[in-house]
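Excluded from the calculations below are hydrogen atoms, water molecules and symmetry mates; all remaining heavy atoms, backbone and side chain alike, are included. Residue numbers start at 1 and run along the sequence shown. Keep in mind the model is a prediction, meaning the values are calculated, not measured.
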Amino acid sequence: MSSTHRPLDTRSGLVLDTHELGRRAGAMKQIHTSVEAPPDLGIAVIAVPPKSPIELDLRLESVVEGVLVTGTAVVQLQGECVRCLNEISDEMEIDVMELFVYPGSEATEDEASRLVGDLIDLEPLVRDAVVLDLPFQPLCRDDCAGLCVTCGADLNLDPGHGHEAPIDPRWERLTSLDAAGEKTYNVNGPQQD
Ligand SMILES: [Zn+2]
Ligand SMILES: [Zn+2]
């Protein structure tokens with residue numbers, strides 16, 4: 001990725017400074033912090049709201065080739081259920097395990113993440129993980145009942161919801177007649193003299 005060679009924005013919460021760690025293999029640093037999410041993190045139907053908190057729980061470890069970062073990043077998600085159109089709020093935990101190689105050291109792969117000076121940028125990592133894991137058809141719950149195709153009512157709120165089958169106009173007139181047309185007739189009592 002050529003983008004790793006651009007100067008990193010130290011204001012981004014996902015850019016971490018490894019200066020304190022030094023370059024002595026075996027040195028270690030725990031990071032436990034909350035940072036702001038960058039813009040445009042997600043897909044059209046569900047995304048991480050810009051500036052929402054990302055909880056970082058990471059371990060930076062100095063190794064021979066660079067800095068190994070392991071741990072988790074928890075992001076907030078907001079989207080819309082594709083069936084009932086209600087808002088979805090969720091969170092996603094991303095497993096982080098990435099070796100950032102020192103600048104100038106021979107990368108074993110072209111794709112390797114690199115330190116820029118003392119800085120590492122977690123954003124490409126978080127971005128890839130989020131975008132690859134997001135559902136293209138997000139649901140508020142697996143068995144979301146969706147909306148009534150006739151009137152648009154939310155069937156989750158009204159499970160018994162239904163519409164009577166429309167009446168065939170040819171029968172309409174008949175149903176209006178009193179079906180209980182039982183005749184009452186006089187029963188002749190016993191004949192009296
Ligand atoms: Zn739904
Ligand atoms: Zn309906």
Side-chain angles (χ1 to χ4, degrees), residues 1-82 87-144:
M1 261 194 277
S2 58
S3 63
T4 55
H5 295 294
R6 74 187 146 79
L8 297 180
D9 184 356
T10 49
R11 285 168 305 175
S12 163
L14 291 172
V15 171
L16 305 178
D17 194 344
T18 67
H19 184 73
E20 271 179 55
L21 196 61
R23 293 200 175 175
R24 191 174 45 82
M28 216 187 284
K29 186 186 175 190
Q30 299 277 354
I31 291 185
H32 204 77
T33 186
S34 176
V35 302
E36 282 186 353
D40 302 320
L41 186 54
I43 55 178
V45 279
I46 188 161
V48 179
K51 301 194 175 203
S52 64
I54 299 182
E55 302 292 331
L56 298 179
D57 196 357
L58 301 171
R59 193 169 81 153
L60 308 189
E61 211 178 329
S62 188
V63 295
V64 176
E65 316 92 306
V67 176
L68 179 65
V69 182
T70 52
T72 57
V74 177
V75 300
Q76 306 301 310
L77 295 176
Q78 224 158 64
E80 198 176 70
C81 174
V82 291
E87 192 178 279
I88 300 174
S89 290
D90 205 353
E91 59 177 40
M92 179 197 277
E93 184 173 299
I94 298 162
D95 286 319
V96 177
M97 175 136 99
E98 186 80 359
L99 173 65
F100 289 83
V101 298
Y102 289 127
S105 75
E106 261 180 55
T108 42
E109 298 163 54
D110 289 342
E111 297 285 293
S113 299
R114 286 183 175 276
L115 281 111
V116 179
D118 286 324
L119 303 178
I120 59 176
D121 186 6
L122 295 175
E123 187 178 322
L125 232 87
V126 170
R127 195 168 283 281
D128 284 359
V130 166
V131 172
L132 290 177
D133 271 13
L134 286 180
F136 287 104
Q137 307 260 300
L139 294 174
C140 60
R141 55 175 211 236
D142 285 343
D143 61 347
C144 171

Quiz: residues 28-51 side-chain donor-acceptor pairs under 3.5 angstrom, not counting sequence neighbours:
unit_1 : atom_1 : unit_2 : atom_2 : d
His32  : ND1    : Asp57  : OD1    : 3.0
Ser34  : OG     : Glu55  : OE2    : 3.4

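- Only one option out of Leu60, Val15, Leu14 pairs with Ile120 in a side chain to side chain contact (heavy atoms under 4.5 Å, CB included); it is Leu60.
- In this structure the side chain of Arg59 never reaches within 4.5 angstrom of the side chain of Val69, judged on heavy atoms.
- Considering only residues two or more places apart in sequence or on other chains, Val63 meets the side-chain contact (heavy atoms from CB on, under 4.5 Å) condition with Glu65, Leu68, Leu99.
- Side-chain contact between Asp121 and Leu16 is absent, with no heavy atoms from C-beta onward closer than 4.5 Å.
- The minimum heavy-atom distance linking Ile88 with Pro138 is given by the pair CD1-CB, 3.7 Å.
- Qualifying salt bridge (Lys or Arg N to Asp or Glu O under 4.0 Å) partners for Asp142, counting only residues two or more places apart in sequence or in other chains: none.
- Summarising the geometry of Leu115 relative to Gly66, their closest heavy-atom pair is CD1-CA, 4.5 Å, with the distance given to 0.1 Å.
- With a 4.5 Å cut-off on side-chain heavy atoms, Phe100 and Leu122 count as touching.
- Under the side chain to side chain donor-acceptor pair (under 3.5 Å) criterion, Ser62 pairs with Tyr102, not counting sequence neighbours.
- Considering only heavy atoms from C-beta on, Met92 comes within 4.5 Å of Ile94 through its side chain.
- Atom-to-atom distance recorded for Glu87:CD and Cys140:SG is 11.5 Å, nearest 0.5 angstrom.
- When the salt bridge (Lys or Arg N to Asp or Glu O under 4.0 Å) test is applied to Arg11, the partners found at least two apart in sequence or on another chain are Asp9.
- Interatomic distance, CG of Leu77 versus CG of Asp133, reported as 9.5 Å (0.5 Å rounding).
- Listed by chain and residue number, Cys81, Val82, Arg83 satisfy the side-chain contact (heavy atoms from CB on, under 4.5 Å) test with Leu139 (two or more places apart in sequence, or in another chain).
- With sequence neighbours excluded, the residues forming a side-chain contact (heavy atoms from CB on, under 4.5 Å) with Glu93 are Thr72, Val74, Asp95, listed by chain and number.
- For Arg127, the side chain to side chain donor-acceptor pair (under 3.5 Å) test picks out Glu123, with sequence neighbours left out.
- For the pair Thr18 (side chain) and Leu119 (backbone), a donor-acceptor distance under 3.5 Å is absent.
- You'll find the side chain of Leu58 stays beyond 4.5 Å of the side chain of Thr70, heavy atoms only.
- A search for side chain to side chain donor-acceptor pair (under 3.5 Å) contacts involving Asp17 returns nothing, not counting sequence neighbours.
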